[in-house]
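All remarks here apply to the structure that follows.
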Amino acid sequence: MFVPYSELDVDLCVSSGQVFRFHKTGEGWIGIDGSDVVTARRVQGGWEVSESGRELFQLQISLCDIERRILERSGELAKRLGRFRGLRVLKQKYAHETLFSFLCTPNNNLNRIVPMVRHLGSYGNEICDGLYEFPSIERIAEIPENELRKAGFGYRARTIPNVARQVLARPERWLTSLRTMPYKEAHSSLCEIDGIGPKVADCVCLVGLWHTEAVPVDTHLWQAACDLYFPEWKGKSITQNRYDAVGNLMREKFGELAGWAHQYLFYERILDYRKGKHVYSQT
DNA sequence: CCCACACCGATT
DNA sequence: ATCGGTGTGG
């Protein structure tokens with residue numbers, strides 16, 4: 001299906017830290033959602049996206065409409081909406097892929113996260129050349145710690161299979177059942193698992209459980225929030241209370257679109273961060 | 001309730 | 001020393 005640039009920027013979507021297993025091709029991107037191959041290629045005026053990408057990119061939702069609703073609630077994001085037009089919240093089919101992907105992210109950077117998530121993916125069925133369906137929770141639970149350590153997972157080599165075992169100890173379909181309960185309940189249920197903190201839980205809520213009001217507060221969003229809303233907290237650390245305050249304020253301002261709104265603030269910081277590092281390394 | 005620290009490992 | 005957190009301890 002054809003989607004105009006004003007509605008979709010695949011480059012932004014797949015490099016915004018929501019998914020980690022998309023590969024650049026000559027004309028666009030290829031990746032997996034659930035058991036489906038998703039492709040996107042640049043065409044005149046926009047993107048040609050495979051039918052399988054409709055759900056991942058939420059193409060049935062009008063981005064124009066989302067932008068309008070965000071601006072109606074609060075105008076301060078206007079310039080970011082323009083700067084990052086086409087950025088969308090993604091909606092992954094396998095909640096466990098979202099969960100175990102984001103368990104690779106704490107205290108980490110994209111240069112390590114991407115190979116780590118790809119490594120996890122390689123335990124799944126190969127769908128087509130070099131593209132793997134994400135492995136089952138059962139499969140992840142039985143990966144030996146030293147195997148992941150050898151692959152550079154560090155201490156996450158222990159926590160990842162450990163989280164898998166804790167999920168398996170819960171009722172069948174526990175993780176996906178969190179999709180149909182209120183955001184707050186889903187979030188606190190996730191946090192009960194040893195190894196899942198509030199930040200990872202919010203990432204899973206947003207991308208894997210489709211709770212659009214989830215606001216993951218990492219150091220980048222934290223800084224953006226301090227600049228915009230909590231100047232008195234600049235330079236301070238993120239405590240449990242401040243974490244909640246940021247998310248709650250975003251939800252107060254943007255309602256069920258808080259997760260979408262957060263994405264623009266987050267991406268802006270990430271860009272500045274990457275740019276800063278680049279400039280620094282050139283000097 | 002807030003802060004300090006360890007944890008892996010790549011980069012500064 | 002710093003980092004796209006989390007768990008533990010004071």
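First the proteins, then the strands, lettered A, B, ... as listed; each starts at 1.
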TODO: For the side chain of A:D218, starting at C-beta, report the closest nucleotide among C:dG4, B:dC8, C:dT6.
DONE: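 Side chain of A:D218 sits closest to C:dG4.
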Open item on the list: What's the closest nucleotide to the side chain of A:R156 if the choices are B:dC3, B:dC8, C:dG5?
Closed with: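 The nucleotide sitting nearest to the side chain is B:dC8.
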Rounded to the Å, how far apart are [X] [atom1] and [N] [atom2]?
| X | N | atom1 | atom2 | value |
| --- | --- | --- | --- | --- |
| A:K150 | B:dG9 | NZ | P | 14 Å |
| A:L190 | C:dG7 | CG | P | 12 Å |
| A:R149 | B:dC8 | CZ | C1' | 8 Å |
| A:I238 | C:dC3 | CD1 | P | 11 Å |
| A:I113 | C:dG5 | CD1 | C1' | 11 Å |
| A:L103 | B:dC8 | CG | C1' | 15 Å |
| A:W222 | C:dC3 | CH2 | C1' | 17 Å |
| A:E268 | C:dG4 | CD | C1' | 16 Å |

Task: N/O donor-acceptor pair, side chain A:Y155 with base C:dG7, under 3.5 angstrom - done: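 It does not, because no donor-acceptor pair links the side chain of A:Y155 to the base of C:dG7 below 3.5 Å.
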Task: Contact nearer the 5' end of DNA chain C, comparing A:I196 with A:G17 - done: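 Nearest-nucleotide comparison on DNA chain C picks A:G17.
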Task: Audit row: A:D11, A:R42, salt bridge (Lys or Arg N to Asp or Glu O under 4.0 Å) steps and yes/no - done: CA-CA 10 Å; A:D11 293 337; A:R42 279 180 185 282; 2.6 Å; yes
By the 4.0 Å heavy-atom rule, please label [X] as base, sugar-phosphate, or nothing.
| X | answer |
| --- | --- |
| A:L110 | base |
| A:F102 | nothing |
| A:L148 | nothing |
| A:R242 | sugar-phosphate |
| A:P216 | nothing |
| A:D194 | sugar-phosphate |

Open item on the list: Taking the ring of A:Y94 and the ring of A:F100, is the distance between their centroids below 6.0 Å?
Closed with: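 They do not qualify: ring centres at least 6.0 Å apart.
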Open item on the list: I want to confirm an ordering. Mapping A:N107 and A:N111 to their closest nucleotides on DNA chain B, which one lands closer to the 5' end?
Closed with: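 In this pair, the answer is A:N107.
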With respect to the phosphate group of [N], does any side-chain polar atom (N or O) of [X] fall under 4.0 Å of OP1 or OP2?
| X | N | value |
| --- | --- | --- |
| A:T219 | C:dC3 | no |
| A:N241 | B:dC2 | yes |
| A:T239 | B:dC1 | no |
| A:R112 | B:dC8 | no |

Task: Option among A:E133, A:E147, A:R139 that satisfies the side chain to side chain donor-acceptor pair (under 3.5 Å) test with A:Y123 - done: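 It is A:E147; the other options fail the test.
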Open item on the list: Testing A:V217, A:D202, A:L77, A:L221 one by one against A:H262 for a side chain to side chain contact (heavy atoms under 4.5 Å, CB included), which residue passes?
Closed with: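 Testing A:H262 for a side chain to side chain contact (heavy atoms under 4.5 Å, CB included) against A:V217, A:D202, A:L77, A:L221 leaves exactly one candidate, A:L221.
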Open item on the list: Between C:dG4 and B:dC2, how far apart are the two C1' atoms, rounded to whole Å?
Closed with: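 About 23 Å, rounded to a whole number of Å.
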Task: P-based separation of B:dC1 from C:dG5 [nearest Å] - done: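 That atom pair is separated by 23 Å.
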Open item on the list: If you define the side chain from C-beta out and look only at heavy atoms, does anything of A:F22 sit under 4.5 Å from A:V38?
Closed with: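 Of all side-chain heavy-atom pairs linking A:V38 with A:F22, at least one is under 4.5 Å.
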Task: More than 12 heavy atoms of other groups within 6.0 Å of A:E172 CD - done: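 It does not: A:E172 CD has 12 such atoms or fewer within range.
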Task: Pair partner, B:dC7 [Watson-Crick or wobble, under 3.5 Å] - done: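 B:dC7 is paired, partner C:dG5.
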